[in-house]
Q: 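So that we are looking at the same thing, I have put the structure below in structure tokens.
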Amino acid sequence: MTYTSSLLRLLEERGYIHQMTDAEGLDALAAKQVVPGYIGFDATAPSLHVGSLVQIMLLRRLQQAGHKPVVLMGGGTTRIGDPTGRDESRKMLSDATIEANIASIRTIFERFLTFGDGPTDAVMVNNHDWLGTLGYIELLQEVGTHFTVNRMLTFDSVKLRLEREQPMTFLEFNYMILQGYDFRHLARTMGVRLQMGGSDQWGNIVNGVELSRRMDQTEVFGVTTPLLTTADGAKMGKTAAGAVWLNDDALPSYDFWQYWRNVDDRDVGKFLRLFTDLPLDEIARLEALPGSEINAAKVVLANEVTALCRGKEAAAAAESTAQATFAAGGVGEDLPELELPSDGLSLIDALVGIGFAASKGEAKRLIAGGGARVDGTAITDEAHRIPGGREVRISAGKKKHGVLRPA
RNA sequence: GGACAGGUGGCCGAGUGGUUAAAGGCAGCAGACUGUAAAUCUGCCCGCGCAAGCGUACGCUAGUUCGAAUCUAGCCCUGUCCA
């Protein structure tokens with residue numbers, strides 16, 4: 001269908017929309033007024049990772065289309081743990097940890113959104129502010145009456161857990177109620193009319209929409225994004241080294257850049273549309289590049305996303321390091337470094353020290369497998385020693401490179 | 001509270017006294033081929049040690065035994081059903 005609002009047109013053509021509660025209603029609303037919309041984020045870690053980037057970009061698009069993004073931090077719900085997609089109950093975090101996490105996560109959003117007091121400026125709220133003061137009886141009376149257990153049991157998050165015979169505590173069972181309550185609270189106090197989220201949040205979003213209608217007769221809307229997987233079916237944002245974090249103190253910018261540089265060919269166009277501000281015709285040109293030329297599009301993708309998330313300088317530094325390292329076979333300044341003692345260092349210790357191997361055994365296996373290189377030459381002798389006094393380039397596999405610098 | 005079933009390496013899942021650091025699969029790492037892609041093939045995949053070897057590991061603890069993930073007892077946890 002063709003939308004009249006710039007918001008839905010933008011979201012549609014860039015591939016953000018999976019499901020909507022009432023497309024026509026939302027389209028009409030967005031065409032005539034500023035729509036405050038929110039997305040909820042967990043505060044379980046001090047950084048969000050690439051898996052949340054679609055949601056972050058969604059808020060950015062909302063602002064670009066002239067609406068007001070509201071970032072909801074789950075300071076309250078994190079104390080419970082979202083059962084969605086999890087087999088096991090989540091560990092509880094201390095209040096201090098949660099607060100610190102929220103502060104750290106906020107720095108990411110400040111790169112993607114313009115915060116302030118204006119009508120379309122972004123704001124960040126914490127659901128602990130209202131959930132924390134909500135009494136149990138009050139919750140049961142006000143909110144609980146609008147949920148039937150019959151219906152709650154039909155939700156995937158609950159059903160899956162029961163089918164797999166995994167435990168689900170009553171605490172977690174209440175999560176959906178609280179999340180629905182969030183929406184209604186924001187609708188009442190801030191005029192929020194839209195909640196967005198991943199497709200796994202559909203049930204929670206619908207609950208909030210219905211809760212607002214039942215308690216306040218307010219019409220609010222929900223939009224979910226498609227579940228983002230890479231072309232080979234894996235969830236986004238996982239690598240051997242762990243999650244691809246957005247905060248630069250959790251993952252070096254060079255590694256972040258490399259993540260995007262190495263995406264599957266088939267994902268390039270999709271990612272460019274979702275994660276960059278490049279115009280669509282430019283993206284169409286890039287993703288149509290034949291054969292190995294597609295690598296140019298990946299460099300653009302890596303530059304754009306890194307610039308957005310880490311800043312232009314970080315992107316430029318990462319690119320020039322990659323250029324120097326891969327194309328010229330030299331050494332870029334963004335590579336991981338390790339001090340090289342004047343009397344040299346064993347190859348094994350060097351690999352472990354720079355973080356290319358988790359243990360000496362792993363380093364040995366790497367060497368035995370022919371994956372260890374010193375100055376570009378494969379070394380298969382486990383006992384190899386690197387002499388000191390000179391800068392040495394060390395590699396594990398084709399992609400991981402580092403530098404040993406004399407002390 | 002009772003009956004029954006179960007708790008194995010990152011995940012799934014075999015194994016019911018010794019040749020088991022524990023089959024198989026997934027995930028991961030490396031090599032070949034390439035384009036820092038995919039697919040495919042090959043090797044690797046607990047830690048320490050140059051090595052022979054040592055140390056840890058099958059929910060926890062204590063036993064039986066020359067020897068236990070495998071047998072016994074107690075405990076903890078989970079599920080299903082019953083109260």
Side-chain angles (χ1 to χ4, degrees), chain A residues 83 85-89 91 158-170 172 229-244 254-272 286-303 306 318-332 334-336 346-349 351-352 354-374 376-385 393-402:
Chain A
R86 285 168 197 278
D87 290 344
E88 287 181 26
S89 302
K91 294 167 247 356
V158 178
K159 214 165 55 183
L160 283 175
R161 197 76 83 81
L162 295 177
E163 275 169 10
R164 302 183 68 171
E165 301 193 347
Q166 297 286 346
M168 168 172 254
T169 66
F170 185 63
E172 294 171 284
T229 52
T230 58
D232 47 7
K235 271 195 190 164
M236 273 201 74
K238 265 179 37 186
T239 67
V244 180
Y254 175 70
D255 293 329
F256 185 83
W257 192 92
Q258 282 293 327
Y259 174 78
W260 296 102
R261 171 61 185 81
N262 281 314
V263 298
D264 193 299
D265 285 7
R266 294 165 290 179
D267 289 325
V268 174
K270 180 168 75 172
F271 288 178
L272 282 168
L286 287 170
E287 73 176 325
L289 289 173
S292 64
E293 287 177 41
I294 192 78
N295 283 329
K298 294 186 189 180
V299 171
V300 172
L301 174 68
N303 281 337
T306 307
E319 188 191 5
S320 74
T321 292
Q323 167 71 21
T325 308
F326 286 96
V331 169
D334 239 14
L335 293 179
S346 78
L347 179 55
I348 289 174
D349 288 337
L351 288 168
V352 173
I354 207 161
F356 290 167
S359 67
K360 291 186 182 184
E362 196 177 307
K364 268 185 241 175
R365 281 178 232 122
L366 182 69
I367 295 167
R373 288 188 188 76
V374 174
T377 317
I379 305 288
T380 50
D381 173 19
E382 285 182 11
H384 182 80
R385 261 193 95 73
R393 172 183 141 118
I394 182 173
S395 313
K398 272 176 245 164
K399 293 181 201 167
K400 280 178 286 187
H401 304 284

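What you see below is based on every heavy atom in this structure, not just the backbone, and it leaves out hydrogens, waters and symmetry mates. Below, chain A is the first sequence line, B the second, and so on; all start at residue 1. From a predicted model like this one, the values you see are computed outputs, not experimental measurements.
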Q: Could you give the CZ-to-C1' distance, from A:Arg385 to B:rC50, as a whole number of Å?
A: 13 Å
Q: Using side-chain heavy atoms (C-beta onward) and a distance below 4.5 Å, is A:Ile394 in contact with A:His401?
A: no
Q: I'd like to know if the side chain of A:Arg373 and the backbone of A:Gly397 have a donor-acceptor N/O pair within less than 3.5 Å.
A: yes
Q: About how many Å separate CD of A:Glu382 and CD1 of A:Ile367, when rounded to the nearest 0.5 Å?
A: 6.0 Å
Q: What is the distance from CG of A:Leu366 to P of B:rC29, rounded to the nearest Å?
A: 12 Å
Q: Can A:Trp257 and A:Asp334 be counted as having a side-chain donor-acceptor contact under 3.5 angstrom?
A: no
Q: Separation of A:Glu382 atom CD from B:rA51 atom C1', in whole Å?
A: 11 Å
Q: Could you please name the partner base of B:rC11, counting Watson-Crick and G-U wobble pairs only when both distances are under 3.5 Å?
A: B:rG25
Q: Just call it for A:Ala368: base, sugar-phosphate, or nothing, with non-hydrogen atoms closer than 4.0 Å on any strand.
A: nothing
Q: So what's B:rG63 paired with, Watson-Crick or G-U wobble, going by both distances under 3.5 Å?
A: B:rC71
Q: So what does A:Gln258 hit on the nucleic acid, given a heavy-atom distance under 4.0 Å: a base, only sugar-phosphate, or nothing?
A: base
Q: Within the structure shown, what part of the strands sits under 4.0 Å from A:Lys298 by heavy-atom distance: base, sugar-phosphate, or nothing?
A: base
Q: If pairing requires Watson-Crick or G-U wobble contacts with both distances under 3.5 Å, which nucleotide is the partner of B:rC58?
A: none
Q: Who does B:rG6 pair with, Watson-Crick or G-U, both distances under 3.5 Å?
A: B:rC77
Q: Examine distances only and state if a side-chain atom of A:Arg393 and a backbone atom of A:Thr325 form a donor-acceptor pair shorter than 3.5 Å.
A: yes
Q: Starting from P on B:rA38, measure out to CZ on A:Arg261 and report it in whole angstrom.
A: 11 Å
Q: Would you kindly give the NZ-to-C1' distance between A:Lys400 and B:rG31, to the nearest whole Å?
A: 14 Å
Q: Compute whether any side-chain donor of one residue and acceptor of the other, for A:Asn295 and A:Ser292, lie under 3.5 angstrom apart.
A: no
Q: Measure from CD on A:Glu362 to P on B:rG10 and round the result to the nearest Å.
A: 14 Å
Q: Would you give the length of the straight line joining atom CG of A:Asp255 to atom CD of A:Gln258, rounded to the nearest 0.5 angstrom?
A: 7.5 Å
Q: Specify the residue among A:Ser359 and A:Tyr254 whose closest nucleotide of RNA chain B lies further upstream toward the 5′ end.
A: A:Tyr254
Q: Whether A:Arg373 contacts B:rG31 is assessed here as follows: a side-chain N or O lying under 4.0 Å from the phosphate OP1 or OP2. Is that the case?
A: yes
Q: B:rA30 pairs with which nucleotide, Watson-Crick or G-U wobble, both distances below 3.5 Å?
A: B:rU42
Q: Using the P atoms only, state how far B:rG17 lies from B:rC12, rounded to an integer number of Å.
A: 26 Å
Q: Looking at B:rA37, I'd like to know if its phosphate oxygens (OP1 or OP2) sit under 4.0 Å from a side-chain N or O belonging to A:Lys399.
A: yes
Q: Between C1' on B:rA38 and NZ on A:Lys398, what's the gap in Å once rounded to a whole number?
A: 13 Å
Q: Toward the 5' end of RNA chain B, which comes first, A:Ile294 or A:Lys360, by nearest nucleotide?
A: A:Ile294
Q: Name the nucleic acid region contacted by A:Val263, choosing base, sugar-phosphate or nothing; use a 4.0 angstrom heavy-atom cut-off, strictly under.
A: sugar-phosphate
Q: Give every pair of a protein N or O atom and an N or O atom of nucleotides 40-45 of chain B that lie under 3.5 Å apart, one pair per line with the distance.
A:
none

Q: Heavy atoms from C-beta onward define the side chain here; which of B:rG35, B:rU36, B:rA51 lies closest to that of A:Ala322?
A: B:rU36
Q: How long is the gap from CG on A:Asp264 to NZ on A:Lys298, to the nearest 0.5 Å?
A: 6.5 Å
Q: Checking base pairs now: Watson-Crick or wobble, both atom distances under 3.5 Å. What partners B:rA52?
A: none
Q: May I ask you to verify if any side-chain N or O of A:Thr325 is less than 4.0 angstrom from the OP1 or OP2 atom of B:rU36?
A: no
Q: About how many Å separate CG of A:Leu335 and OH of A:Tyr254, when rounded to the nearest 0.5 Å?
A: 5.0 Å
Q: Rounded to whole angstroms, how far apart are CG on A:Asp265 and C1' on B:rA38?
A: 7 Å
Q: Does B:rG1 pair with anything, Watson-Crick or G-U wobble, both distances under 3.5 Å, and if so, with which nucleotide?
A: B:rC82
